[in-house]
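Report on the structure given below.
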Amino acid sequence: MNNQQFDCGCDEAHPQPLLSTDKALEILMESAKPIDDTVFVELDDALNSVLASDIHSNINVPSFDNSAMDGYAINLDDNQVNVSGESSFIITDRISAGTTGKTLLPGCAARIFTGAPIPKGANTVIMQEECDLIDDDTKIQIYRPITLNENIRPCGNDIQVDDVILRSGIKLKPQDVALAASVGVNELEVNNNIKVGVFFTGDELVEPGNALNDGQIYNSNRYSLVALLNNLGCIVINLGNVKDTLESTCEALKKLMHDCDIIMTTGGVSVGEEDHIKAAVQSLGKLTLWRIKMKPGKPLAFGKVGSAAFIGLPGNPVSAMVTFLLFAQPFIKRMQGLTDCLNHTTKVESNFNWHRSKPRREFLRVRIDNSSTPAKANMYPKQGSDVLSSIVWADGLLEIPEDTTFVSGELLNFYSFKEMMP
Ligand code: AMP
Ligand code: MG
């Protein structure tokens with residue numbers, strides 16, 4: 001559990017601040033304090049966890065000079081090498097990986113295999129394809145000039161003693177775990193998973209698998225939110241649908257507030273009579289309802305209940321996902337202790353005109369056409385915040401700045417779903 005304090009931007013004079021997208025993200029990121037609760041895990045259990053401390057190497061890797069090829073180890077300074085470049089050596093040893101050979105004497109060669117230590121007295125390895133066996137396989141003949149250190153992987157070539165091989169704050173990938181193993185580390189200190197409690201407001205919501213009565217809809221946010229949180233490696237405590245009353249909302253918050261690092265909800269963050277999130281959170285903690293100058297997803301609630309941060313996402317399914325990806329996800333990543341928590345963008349070209357300037361930032365669902373450079377963004381024809389198909393169709397979000405018009409070919413920021421929802 002993260003017990004650090006944070007500022008939710010509450011201000012008596014501005015109960016519903018109108019914020020730019022950048023300002024909202026800035027407040028959130030300043031408020032998110034990395035968790036300081038760590039655990040040691042074995043390498044097999046470390047994948048996707050956030051590394052809590054730098055990993056140093058106590059050894060050189062490789063820790064001895066070794067052969068990069070199956071071949072023959074010889075000594076270049078040996079006077080067997082003649083001017084024409086031809087040379088021959090008597091085979092006196094056989095060194096396989098995991099064994100060590102004898103000191104190589106002048107005029108001799110050691111049969112050597114990949115990964116085996118270079119014997120004393122040798123300083124180059126000729127690959128077997130370049131050697132002819134002669135005199136009943138007792139000698140090798142080489143027909144080309146030889147150079148020093150051919151096919152030798154020197155001690156410390158990859159890693160040297162005291163090198164920092166992994167930095168804290170990374171999300172451990174298969175290659176990271178392998179690198180730790182390569183220096184003999186068998187367990188890693190990682191941050192504990194963040195616990196996120198969720199519930200969903202709306203009397204119209206029905207769980208999939210049941211029939212819909214008039215006026216009812218299926219609860220899709222429950223599935224996007226839980227999946228998004230699982231994707232981030234959070235432990236999710238899901239209370240499901242909660243009735244649109246102040247009492248039920250307070251009850252749900254009370255169940256989660258002492259146990260969770262974050263509580264998240266969808267819906268009920270407007271200021272209608274059926275929207276109880278604000279009053280409920282304020283009665284138990286503190287909360288600001290933000291109106292963010294963006295589309296989709298204007299309303300967002302941010303606050304604190306007990307020791308848990310509170311993020312109330314809008315109810316419309318597209319708004320809920322977009323605000324999660326743009327605001328909640330970087331916030332959660334920072335709490336998880338990740339160094340790289342902000343979204344990354346690339347530049348793509350609009351394949352459409354934008355004639356009406358708007359005072360808010362828009363995030364259009366677009367599909368990317370990579371057949372030309374720069375890639376072109378085509379927008380889904382229906383951009384309503386209720387049109388969930390638009391997100392399934394799209395490759396990501398195209399950011400249209402505030403107060404802008406342009407014609408086709410404008411370079412704009414693109415947020416890839418592949419990166420945001422790997
Ligand atoms: P609200 O913010 O509660 O006024 O909800 C805004 C819109 O989102 C309404 O049309 C709701 O029916 C819809 N909505 C709210 N919660 C969900 C949900 N969990 N799944 C799908 N749609 C929802
Ligand atoms: Mg509602």
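Computed from a predicted model, the values in this text were never measured in an experiment. Start at 1 and go down the list; that is how both ligands and their atoms are numbered.
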Salt bridge [X]-[Y], side-chain N to carboxylate O under 4.0 Å:
X	Y	result
D369	K376	no
K102	D93	yes
K254	E251	no
D70	R111	no
E402	K358	no
E30	K23	no

I need the contact type for E204 against ligand 1. Using non-hydrogen atoms and a strict under-4.0 Å cut-off, is it side chain, backbone, both or neither? side chain
Between D386 and ligand 1, find which residue part has any heavy-atom pair under 4.0 Å and reply side chain, backbone, both or neither. neither
Can you list the atoms of ligand 1 that are under 4.0 Å from a heavy atom of I217? 12 (O), 21 (C), 22 (N), 23 (C)
State the atoms of ligand 1, each with its element, that fall below the 4.0 Å cut-off from a heavy-atom position in Y218. 20 (N), 21 (C)
N or O contact, [X] vs ligand 1, cut-off under 3.5 Å:
X	result
G315	yes
G268	yes
S220	yes

For atom 18 (C) of ligand 1, tell me which residue out of V206, N221, T265, L225 has the closest non-hydrogen atom. N221
Name the option, out of L388, N241, N316, that contains the heavy atom nearest to atom 6 (C) of ligand 1. N316
